[in-house]
A.B. asks: 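Shown below is the structure under consideration.
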Amino acid sequence: MGETERRSDRELLDASSRRNEHAFWEFYHRHAEVVFAAALDELADEDEAQEVAQHVFETAWRKASKVRMVAGSAEAWLMLTCRNLVANKKRSLQRRPSVEGLDDAAASMLETRTAQRARDQQLLAQVEDEIAGMPVLDQHVYRAVLVEGRSYEETAASLEISVPSVGKRLHRVRARIRDRFGDER
C-alpha cells in the first residue's frame with residue numbers, strides 16, 4: 001500500500017486487534033483531537049478531558065475487533081464511548097469528598113490514598129498488559145486461579161490440562177510478573 005493511500009478505520013482496527021501498534025497509532029492520530037475536544041467541552045478541565053480521551057483509546061485498543069463502524073468510520077463509536085466515560089467521570093467527581101473544611105492532616109491523608117489508588121490502578125493495568133502478552137493457556141490459568149478464585153483442580157478440568165500443568169503455568173506467570181514488576185507495591 002502506497003504512503004498516499006489512507007487505510008480505513010476498519011483496516012486500522014483489524015490490524016490493531018492483532019496488536020499492530022503502528023496501525024493503532026495512525027487510528028489514534030486520526031481521531032484524538034475530536035475525542036479530546038468532546039471531552040473538554042463536557043468537563044471544562046484539560047486534565048480530566050485528557051484522562052477521558054486516554055480511556056477512550058485504551059478501550060478502543062482492547063476492543064479493536066468489536067468496534068462498530070458507521071459509514072466506514074469509528075468516530076460514532078468513539079464519541080459514544082467518550083460520552084459514557086464523561087458521564088462516569090462526572091459521577092466520580094460528584095462522589096469525591098470535598099477537601100474543604102478538612103484539617104490539613106485529613107486532607108493530606110485523603111490525597112495520599114487517592115494517589116495510591118491511582119498508582120495501584122496503573123500498576124494493575126500494566127500487569128494486565130503483561131498478562132495479555134503471555135501464551136493464551138497461561139492467560140486462562142491466571143484468570144481462572146488468581147482472578148476468579150478457582151481451584152487448581154477446577155481450572156485443570158475446565159482447560160483439559162493436568163493439575164501439575166496448572167501449577168507450572170501459574171508459577172511461570174507469577175515469575176514473569178515478579179521479574180517485570182518486582183515489588184512495585
Side-chain angles (χ1 to χ4, degrees), residues 1-39 49-89 118-150 155-162 165-182 184:
M1 182 177 300
E3 290 201 55
T4 58
E5 292 183 40
R6 178 181 154 132
R7 295 193 289 177
S8 71
D9 284 354
R10 176 78 284 147
E11 290 170 320
L12 293 173
L13 287 170
D14 286 345
S16 297
S17 71
R18 295 185 303 275
R19 300 303 181 226
N20 181 325
E21 292 177 12
H22 296 290
F24 192 76
W25 185 249
E26 185 178 337
F27 177 79
Y28 169 82
H29 280 284
R30 182 177 295 171
H31 297 286
E33 239 179 85
V34 70
V35 171
F36 174 74
Q50 184 62 40
E51 185 178 328
V52 166
Q54 180 180 350
H55 287 302
V56 168
F57 286 100
E58 286 173 3
T59 303
W61 174 255
R62 282 193 327 272
K63 298 181 176 186
S65 65
K66 298 176 184 168
V67 172
R68 291 191 180 174
M69 299 292 141
V70 175
S73 175
E75 191 168 308
W77 183 90
L78 290 168
M79 298 312 293
L80 178 62
T81 302
C82 181
R83 186 175 40 207
N84 290 338
L85 290 172
V86 163
N88 292 346
K89 174 61 76 175
R119 285 190 300 272
D120 289 348
Q121 288 174 340
Q122 182 180 17
L123 179 59
L124 181 59
Q126 290 171 338
V127 168
E128 287 294 330
D129 286 344
E130 186 70 20
I131 296 294
M134 294 181 185
V136 174
L137 198 51
D138 289 1
Q139 292 178 42
H140 288 304
V141 168
Y142 160 79
R143 282 187 177 64
V145 175
L146 297 178
V147 176
E148 298 169 7
R150 295 161 87 195
T155 301
S158 70
L159 296 175
E160 298 179 352
I161 60 176
S162 69
S165 179
V166 170
K168 288 176 187 175
R169 288 179 180 281
L170 193 57
H171 176 74
R172 188 169 42 224
V173 168
R174 286 178 171 151
R176 183 166 169 180
I177 297 301
R178 195 172 29 256
D179 290 347
R180 169 73 168 81
F181 298 102
E184 292 190 25

A.B. asks: Once rounded to the nearest 0.5 Å, what's the spacing between atom NZ of K66 and atom OG of S17?
C.D. replies: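 Spacing of NZ (K66) from OG (S17) equals 10.5 Å.
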
A.B. asks: I want to check something: taking the side chain as every heavy atom from C-beta on, are H31 and S73 in contact at a cut-off of under 4.5 Å?
C.D. replies: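 Yes - at least one pair of side-chain heavy atoms lies under 4.5 Å apart.
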
A.B. asks: Does the pair E128/R143 count as a salt bridge with the N-to-O cut at 4.0 Å?
C.D. replies: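 Salt bridge between E128 and R143, a charged N being under 4.0 Å from a carboxylate O: yes.
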
A.B. asks: What's the shortest heavy-atom distance between G72 and D9, and which atoms?
C.D. replies: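 Scanning both residues completely, I find the closest heavy atoms to be O-CB, 4.0 Å.
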
A.B. asks: Do V56 and F36 touch side chain to side chain, with heavy atoms closer than 4.5 Å?
C.D. replies: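 Side chain of V56 against side chain of F36, heavy atoms only: no contact under 4.5 Å found.
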
A.B. asks: Say you draw a straight line from CZ of R6 to CG of L12; how long is it, rounded to the nearest 0.5 Å?
C.D. replies: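 The distance works out to 8.5 Å.
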
A.B. asks: Looking at E148, I want to see if its CD is surrounded by more than 12 non-hydrogen atoms of other residues, nucleotides or ligands under 6.0 Å.
C.D. replies: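 Above 12, so yes.
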
A.B. asks: May I ask you to decide if A23's main-chain N or O and E26's side chain share a donor-acceptor pair within less than 3.5 Å?
C.D. replies: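 No, the answer is negative, given that no donor and acceptor are paired below the 3.5 Å cut-off.
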
A.B. asks: Assess R30 against W25: is NZ or CZ under 6.0 Å from the centre of the six-membered ring, and within 45 degrees of the ring's axis?
C.D. replies: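 Output no; distance or angle outside limits.
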
A.B. asks: Would you check, one step at a time, whether the test side chain to side chain contact (heavy atoms under 4.5 Å, CB included) holds for V147 with Y142?
C.D. replies: CA-CA 7 Å; V147 176; Y142 160 79; 3.7 Å; yes

A.B. asks: Return yes if some donor-acceptor pair links the side-chain N/O of R10 with the main-chain N/O of V67 below 3.5 Å, else return no.
C.D. replies: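 Side chain of R10 to backbone of V67, a donor-acceptor pair under 3.5 Å: yes, one is there.
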
A.B. asks: Under the side chain to side chain contact (heavy atoms under 4.5 Å, CB included) rule, what do I177 and R180 come out as? Steps first, then yes or no, please.
C.D. replies: CA-CA 5 Å; I177 297 301; R180 169 73 168 81; 5.7 Å; no

A.B. asks: Let me see the working for Q54 and E58 under side-chain hydrogen bond (donor to acceptor under 3.5 Å, both in side chains), right down to the final yes or no.
C.D. replies: CA-CA 6 Å; Q54 180 180 350; E58 286 173 3; 3.1 Å; yes

A.B. asks: Run L137 and I161 through side chain to side chain contact (heavy atoms under 4.5 Å, CB included) and show every step you take.
C.D. replies: CA-CA 10 Å; L137 198 51; I161 60 176; 4.0 Å; yes

A.B. asks: Would you say that more than 12 heavy atoms from the other residues, nucleotides or ligands in this model lie under 6.0 Å from the CZ of F57, or not?
C.D. replies: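 Atom CZ in F57 is packed in, count exceeds 12.
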
A.B. asks: If every non-hydrogen atom of V52 is compared with every non-hydrogen atom of A39, which pair is closest and at what distance?
C.D. replies: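 What the structure gives for the nearest pair is CG1-CB, 4.0 Å.
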
A.B. asks: Looking at CZ of R169 and CE of M134, how far apart are the two atoms once the value is rounded to the nearest 0.5 Å?
C.D. replies: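 Answer rounded to 0.5 Å: 12.0 Å.
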
A.B. asks: Report the distance from atom CG of D179 to atom CZ of R174, rounding to the nearest 0.5 Å.
C.D. replies: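 D179 CG to R174 CZ: 14.0 Å, rounded to 0.5 Å.
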
A.B. asks: Step by step, would you call R19 with F24 a side chain to side chain contact (heavy atoms under 4.5 Å, CB included)?
C.D. replies: CA-CA 8 Å; R19 300 303 181 226; F24 192 76; over 6 Å; no

A.B. asks: For A60 and L78, work out which heavy atoms get closest and say how close.
C.D. replies: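 Here A60 and L78 meet closest at CB-CD2, 4.3 Å.
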
A.B. asks: Which atom names give the shortest non-hydrogen contact between M79 and A38, and what distance separates them?
C.D. replies: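 Heavy-atom minimum between the residues: CE-CB, 3.0 Å.
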
A.B. asks: Would you check if S158 and R150 make a side-chain contact, meaning some heavy-atom pair closer than 4.5 Å?
C.D. replies: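 Yes, at least one pair of side-chain atoms sits under 4.5 Å.
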
A.B. asks: Would you compute the distance between atom CH2 of W61 and atom CG of L13 and round it to the nearest 0.5 angstrom?
C.D. replies: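 Nearest 0.5 Å value for the CH2-CG distance: 10.5 Å.
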
A.B. asks: Going from SG on C82 to CD on E75, what distance comes out if it is rounded to the nearest 0.5 angstrom?
C.D. replies: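 Here the rounded value is 11.0 Å.
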
A.B. asks: Report, as yes or no, whether the 6.0 Å neighbourhood of atom NE2 on H22 holds more than 12 heavy atoms from other residues, nucleotides or ligands.
C.D. replies: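 No, the 6.0 Å shell around NE2 holds no more than 12 heavy atoms from other groups.
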
A.B. asks: Salt bridge between D14 and R18, side-chain N to carboxylate O under 4.0 Å?
C.D. replies: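 Salt bridge flag = no for R18 with D14.
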
A.B. asks: If you compare all heavy atoms of I131 against all heavy atoms of Q139, which two are closest, and at what distance to 0.1 Å?
C.D. replies: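 Reported closest heavy-atom pair: O-CG, 3.2 Å.
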
A.B. asks: Apply the test side-chain hydrogen bond (donor to acceptor under 3.5 Å, both in side chains) to residues H55 and N88: give CA-CA distance (whole Å), side-chain angles for both, the deciding distance (0.1 Å), then the verdict.
C.D. replies: CA-CA 11 Å; H55 287 302; N88 292 346; over 6 Å; no

A.B. asks: Is the closest side-chain heavy-atom distance between Q126 and F181 below 4.5 Å?
C.D. replies: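 Yes. Closest side-chain heavy atoms under 4.5 Å.
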
